[in-house]
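In what follows, a single structure is set out as structure tokens and then discussed.
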2 protein chains.
Amino acid sequence: MSSQPDLAPSEPGRRERNKQEKRRRILAAAGRLFRRKGFAATTTQEIATAAGIAAGTLFLYARSKEDLLLLVFMDEMQGVIDKAFAAVPAAAPLVDQLMHVFGGLADYHAEDVRLARAFIREIAFNEDRERRREVMGVRTVINAGVARLIGEAQRRREIGRELDPGDAAQVYFSVYFLLLQNWLNDDIDRDGFDAQLRRRLETAVAGSRAPTRRAGARLIGRP
Amino acid sequence: MSSQPDLAPSEPGRRERNKQEKRRRILAAAGRLFRRKGFAATTTQEIATAAGIAAGTLFLYARSKEDLLLLVFMDEMQGVIDKAFAAVPAAAPLVDQLMHVFGGLADYHAEDVRLARAFIREIAFNEDRERRREVMGVRTVINAGVARLIGEAQRRREIGRELDPGDAAQVYFSVYFLLLQNWLNDDIDRDGFDAQLRRRLETAVAGSRAPTRRAGARLIGRP
DNA sequence: ATAAAAAAATGAGCGCACTCATTTTTTATG
DNA sequence: CATAAAAAATGAGTGCGCTCATTTTTTTAT
């Protein structure tokens, strides 16, 4: 309207700022509606309206409704992970530490199990390669943290050094992730999740050396 | 038309037979089209037409398009599992045996990776509780087989008896299942799948006793 | 055989996620 | 400020999975 040839803010330019602001509104509206009505029951039209944009505009900011769900949650995940690792009891046995970490993640999902289910489904099977790469990044963070705990357990001689922390971390995460799916699918309840997670983690951490020092994996003949 | 008051076949009655025959045609058509065009690109209308029924009739036989995919695959799964366990080398180390079993399952999925991905997604997250229970049944079969292998390994003293076969089987399956997802998502290739599966299974089987006989998990003080 | 009841099949219609030709807004240029 | 070019937003349109009131077929009872 009036003369403002360069009203642009300090750094990012007016256009960019509008886009960021719009993006923020979209994710806020999506998160609010997903939580209030559930993922399936929320329409993209509703989200668009709540964000004050047209239906089609939504898809300039997210590639699909599922993508939107990932965007909403991924924003929060780093904080959740940090929190889960923050208060790990330094002196506790490894399995207790793992229960603390995975339990912390589960506590977050427990806030809205149905929605967490939809989120984890996208974590595991989102169509978008690019987005899955970002997911992998988050998973890597968790894994690095777990591997660190394993390394510390080795240093304090709770477990032996023959265990590769990276591989072991992947194993423990696999155990967590499958049970998480079972729980979010309501195939088991939260108590079952905790109980079975502990059992399986104990099994995985302990494993089994050969029963005698010399038998080893070489004993493969007939009984 | 003419008088056949009780033309019904030996046992199941005419109606029931028609339904079974129609069901067969539907699953055959669905399987054929899914494999030829992919899951997403196949429409339920196409399947209905190929099966010689109306669009709406399809949903009297399957609750959703995803359900149809599960029905198609579940039919085959028992055979695939039997085959995977059939030729397990009886004398090989446990990890090799596990690789044989999980590799056998992976070989089957390798026939059509894209479709297998859609199938496994439904295995993990299908909306239908009833159907997921059936899936659980199949998983239980795999687990029992793996647990049997573990038990045999214990009996031939390859591994120790302190390992609970059921729990360990769940751990190994978790490891397999997560890597399967990674592979079908094309985050890793088949070679990577095999290589990492082996590493992680070895890690899980071996685990880690405490490094010295007396240290145990009790050593939790300061370094 | 006929009528009544039950089961199964039909397909037009609905709501939804997503696309894309067009319009509006913003930036760059003389 | 005027104009051209680029970017962003719009919303009517499309195709799809799925539903459900209606029709057709099959079974049961008389």
Side-chain angles (χ1 to χ4, degrees), chain A residues 1-9 11-26 29-30 33-34 37-71 118 122 126-128 131, chain B residues 1-9 11-26 29-30 33-34 37-71 118 122 126-128 131:
Chain A
M1 306 246 167
S2 41
S3 53
Q4 282 147 329
D6 197 30
L7 180 278
E11 263 295 296
R14 177 139 67 116
R15 176 137 73 196
E16 195 55 30
R17 258 174 78 107
N18 282 346
K19 281 188 71 170
Q20 286 306 110
E21 164 60 14
K22 205 160 280 188
R23 188 189 134 96
R24 215 188 44 71
R25 287 211 315 273
I26 290 169
L33 284 164
F34 285 157
K37 309 186 50 176
F39 178 72
T42 301
T43 69
T44 55
Q45 181 58 256
E46 287 174 308
I47 297 170
T49 302
I53 59 174
T57 307
L58 198 66
F59 295 94
L60 300 174
Y61 290 82
R63 297 190 234 233
S64 66
K65 189 183 170 185
E66 286 75 24
D67 193 32
L68 211 42
L69 181 66
L70 274 180
L71 290 174
E122 294 314 311
N126 188 57
E127 299 288 342
D128 201 281
R131 203 67 73 195
Chain B
M1 294 270 170
S2 41
S3 54
Q4 283 147 330
D6 197 30
L7 182 278
E11 262 296 297
R14 178 138 68 114
R15 175 137 75 199
E16 194 54 30
R17 257 175 79 107
N18 282 347
K19 280 187 72 169
Q20 285 307 108
E21 163 61 15
K22 205 160 281 186
R23 187 191 134 96
R24 214 189 44 70
R25 288 210 316 273
I26 291 169
L33 285 165
F34 285 158
K37 310 185 50 179
F39 179 72
T42 301
T43 68
T44 55
Q45 182 58 255
E46 287 175 308
I47 297 170
T49 302
I53 58 172
T57 308
L58 200 66
F59 295 94
L60 301 175
Y61 290 82
R63 298 188 233 234
S64 68
K65 189 183 170 185
E66 287 74 25
D67 193 32
L68 213 41
L69 181 66
L70 274 181
L71 290 174
E122 295 313 313
N126 188 59
E127 298 288 342
D128 199 283
R131 203 68 73 196

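Any value given below was found using the heavy atoms of this structure, including those in side chains, with hydrogens, waters and symmetry copies removed. Labels below follow one simple rule: chain letters A, B, ... track the order of the sequence lines, proteins then strands, and each chain is numbered from 1.
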A:Glu46 atom CD is separated from C:dA17 atom C1', nearest whole Å, by 13 Å

Pick the closest DNA chain C nucleotide for A:Ala41 and for A:Gly56 by heavy atoms, then say which residue is nearer the 5' end. A:Ala41

Nearest-Å distance, CZ (A:Phe59) to P (D:dT14)? 18 Å

Any idea which of C:dA17, C:dA9, D:dC18 is nearest the B:Lys22 side chain? C:dA9

Is A:Thr43 near enough to C:dC16 that one of its side-chain N or O atoms lies under 4.0 angstrom from OP1 or OP2? no

Does B:Leu58 reach the side chain of B:Leu68, with side-chain heavy atoms less than 4.5 Å apart? yes

Rounding to an integer number of Å, can you tell me how far B:Glu21 CD sits from D:dT25 C1'? 17 Å

To the nearest angstrom, the CD-C1' distance between B:Gln20 and C:dA8 comes to 14 Å

Can you tell me the distance, in whole Å, between the NZ atom of A:Lys19 and the C1' atom of C:dT27? 14 Å

Write down the distance between CG (B:Leu60) and P (D:dT19), rounded to a whole number of angstrom. 10 Å

What is the nucleic acid contact for A:Ile53, judged by heavy atoms within less than 4.0 Å: base, sugar-phosphate only, or nothing? sugar-phosphate

Could you tell me how far apart B:Leu58 (CG) and C:dA12 (C1') are, to the nearest whole angstrom? 17 Å

In terms of heavy-atom contacts, B:Ala50 and B:Leu33 come closest through CB-CD1, 4.0 Å

Ignoring hydrogens and angles, tell me if any N or O in the side chain of A:Lys65 forms a donor-acceptor pair with the backbone of A:Phe39 under 3.5 Å. yes

Just so I know, are the side chains of B:Glu122 and B:Arg131 near enough to count as touching, which here means a heavy-atom distance under 4.5 Å? no

Whole-Å distance, B:Gln45 CD to D:dT14 P, equals 18 Å

Between B:Lys22 and B:Gly52, is there a donor-acceptor pair closer than 3.5 Å when you use the side chain of the first and the backbone of the second? no

Which part of the nucleic acid, if any, lies within contact of A:Thr57, taking any heavy atom under 4.0 Å across all strands shown: a base, the sugar-phosphate backbone alone, or nothing? base

How is the base pairing of DNA chain D summarised as a dot-bracket string, given the Watson-Crick and G-U wobble criteria with both distances under 3.5 Å, [ ] for crossing and | for another strand? ||||||||||||||||||||||||||||||

Verify the contact: side-chain N or O of A:Tyr61 to OP1 or OP2 of D:dA8, cut-off strictly under 4.0 Å; return yes or no. no

Using 4.0 Å as the upper bound for N to carboxylate O, is an ion pair formed by B:Lys37 and B:Glu46? yes

Roughly how far, to the nearest 0.5 Å, is the CD atom of A:Glu66 from the CG atom of A:Asp128? 11.0 Å

